[in-house]
Chemist: 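Okay, here's the structure, questions in a sec.
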Amino acid sequence: MKKLAVCSLLAILVLSVSLGCLAAPEVISAYDGGTTYGLMTVKKPETSVSSTTKQNYTLSAICRSGVVVSLYSYNSATGQFYLKRDAWGNPLTKTVSASGTYLQEVDLAKETNYLLLRAEYGDGNYQHVRLDITLLDQALLDSIRGFAANFRSIFGGW
């Protein structure tokens, strides 16, 4: 009976340790470039440095089925990326389904938002994609458009 209890306890311990390995790390160094490529192709934003006027922004990517994608934000005080969490404290981590589509809404701050997407596959390989998204004020964007329109009307004949 003691052997059965010890074996059961040992099996539970092994399973709990192995499940912990599947979880996304809480903190990632800004210098960690990942171990592989090709697990994820980011579609939105189209470039790694972009700007938008939408505070609620949807990130999208195409991934291999079964890839686990986690979203991180940069903390300039520590120089590291931290796993983002929703309003209930759940990590923003998703396993990509057979469709291969990853979608994640994120609320942007009124500054440049330094984000990192981490795609990890079951074999331990992972890919990091950094995104710098600046939230622009709509009034500023309208001013720029107005200036461009005036500039074209003044120098349109050249």
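Below, all heavy atoms of this structure are taken into account, side chains as well, without hydrogens, waters or symmetry copies.
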Chemist: Donor-acceptor pair, N113 side chain versus A109 backbone, under 3.5 Å?
Modeler: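 Such a contact is found between N113 side chain and A109 backbone.
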
Chemist: Applying side chain to side chain contact (heavy atoms under 4.5 Å, CB included), name anything that partners T112, two or more places apart in sequence or on another chain.
Modeler: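 Result, side chain to side chain contact (heavy atoms under 4.5 Å, CB included) vs T112: Y114, D132, T134.
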
Chemist: Under the rule for side chain to side chain donor-acceptor pair (under 3.5 Å), what residues qualify as partners of N75, not counting sequence neighbours?
Modeler: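 If we apply the side chain to side chain donor-acceptor pair (under 3.5 Å) test to N75, skipping adjacent residues, there are no hits.
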
Chemist: In chain order, what residues pass the side chain to side chain donor-acceptor pair (under 3.5 Å) check against T78, with sequence neighbours excluded?
Modeler: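 Side chain to side chain donor-acceptor pair (under 3.5 Å) list for T78, sorted by chain: Y82.
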
Chemist: So, does H128 use its side chain to make a donor-acceptor pair with the main chain of L117 at under 3.5 Å?
Modeler: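 The answer is no, because no donor-acceptor pair under 3.5 Å joins these two groups.
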
Chemist: Any sub-3.5 Å donor-acceptor pair from Q127's side-chain atoms to L39's backbone N or O?
Modeler: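 At least one qualifying donor-acceptor pair exists.
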
Chemist: Tabulate below the donor-acceptor pairs under 3.5 Å that side-chain atoms of residues 56-67 make, not counting sequence neighbours, or state none.
Modeler:
{"from": "N56", "atom 1": "ND2", "to": "D107", "atom 2": "OD1", "distance (Å)": "3.1"}
{"from": "S60", "atom 1": "OG", "to": "K44", "atom 2": "N", "distance (Å)": "3.3"}
{"from": "R64", "atom 1": "NH2", "to": "Y121", "atom 2": "OH", "distance (Å)": "3.4"}

Chemist: Under 4.5 Å between any side-chain heavy atoms of L131 and L116, yes or no?
Modeler: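 Sidechains of L116 and L131: no contact.
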
Chemist: Does a side-chain heavy-atom distance below 4.5 Å link P25 with Y72?
Modeler: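 The answer is yes, as the side chains (C-beta and beyond) meet within the 4.5 Å cut-off.
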
Chemist: Going by heavy atoms in the side chains, are L136 and T52 under 4.5 Å from each other?
Modeler: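 When only atoms from C-beta onward are counted, T52 and L136 do not touch, as no gap falls below 4.5 Å.
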
Chemist: Between atom OG of S73 and atom CG of L115, what is the distance when rounded to the nearest 0.5 Å?
Modeler: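 S73 OG to L115 CG: 7.0 Å, rounded to 0.5 Å.
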
Chemist: Mind checking what makes ring pair (Phe, Tyr, Trp, His ring centres under 6.0 Å) contact with F81, not counting sequence neighbours?
Modeler: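 In terms of ring pair (Phe, Tyr, Trp, His ring centres under 6.0 Å), with neighbours along the sequence ignored, F81 is linked to Y74.
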
Chemist: Determine whether V69 and V129 fall in the same hydrophobic cluster, where Ile, Leu, Val, Met, Phe, Trp and Tyr are linked whenever their side-chain heavy atoms lie under 4.5 Å apart.
Modeler: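 Yes, because V69 and V129 connect within a single hydrophobic cluster, where side-chain heavy atoms sit under 4.5 Å apart.
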
Chemist: Quick one: side chain to side chain contact (heavy atoms under 4.5 Å, CB included) partners of Q104, sequence neighbours excluded?
Modeler: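 For Q104, the residues satisfying side chain to side chain contact (heavy atoms under 4.5 Å, CB included) (neighbours in sequence not counted) are L71, L92, K94, Y102.
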
Chemist: Can you list every salt bridge (Lys or Arg N to Asp or Glu O under 4.0 Å) pair that touches residues 78-93, not counting sequence neighbours?
Modeler: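 Sorted pair list: E26-R85.
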
Chemist: Less than 4.5 Å apart, side chain to side chain, heavy atoms only: is that true for T93 and L83?
Modeler: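 Yes. Closest side-chain heavy atoms under 4.5 Å.
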
Chemist: Show which residues join V49 in its hydrophobic cluster (side-chain heavy-atom contacts under 4.5 Å, direct or indirect), or state none.
Modeler: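 Direct or chained contacts put V49 with none.
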
Chemist: Considering non-hydrogen atoms only, spot the tightest contact between A30 and R130 and give its length.
Modeler: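 Heavy atoms only, the tightest pair is O-NH1, 4.1 Å.
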
Chemist: Kindly write out the residues that satisfy side chain to side chain contact (heavy atoms under 4.5 Å, CB included) with Q55, not counting sequence neighbours, or none if the list is empty.
Modeler: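 For Q55 the side chain to side chain contact (heavy atoms under 4.5 Å, CB included) partners, ignoring immediate neighbours, are L135.
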
Chemist: In this structure, would V106 and V68 fall into the same cluster of hydrophobic residues linked by side-chain contacts under 4.5 Å?
Modeler: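 No; V68 is not reachable from V106 via cluster members.
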
Chemist: Check side chain to side chain contact (heavy atoms under 4.5 Å, CB included) between S99 and all other residues, then give those that pass, not counting sequence neighbours.
Modeler: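 Per chain and number, S99 pairs via side chain to side chain contact (heavy atoms under 4.5 Å, CB included) with S97, T101.
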
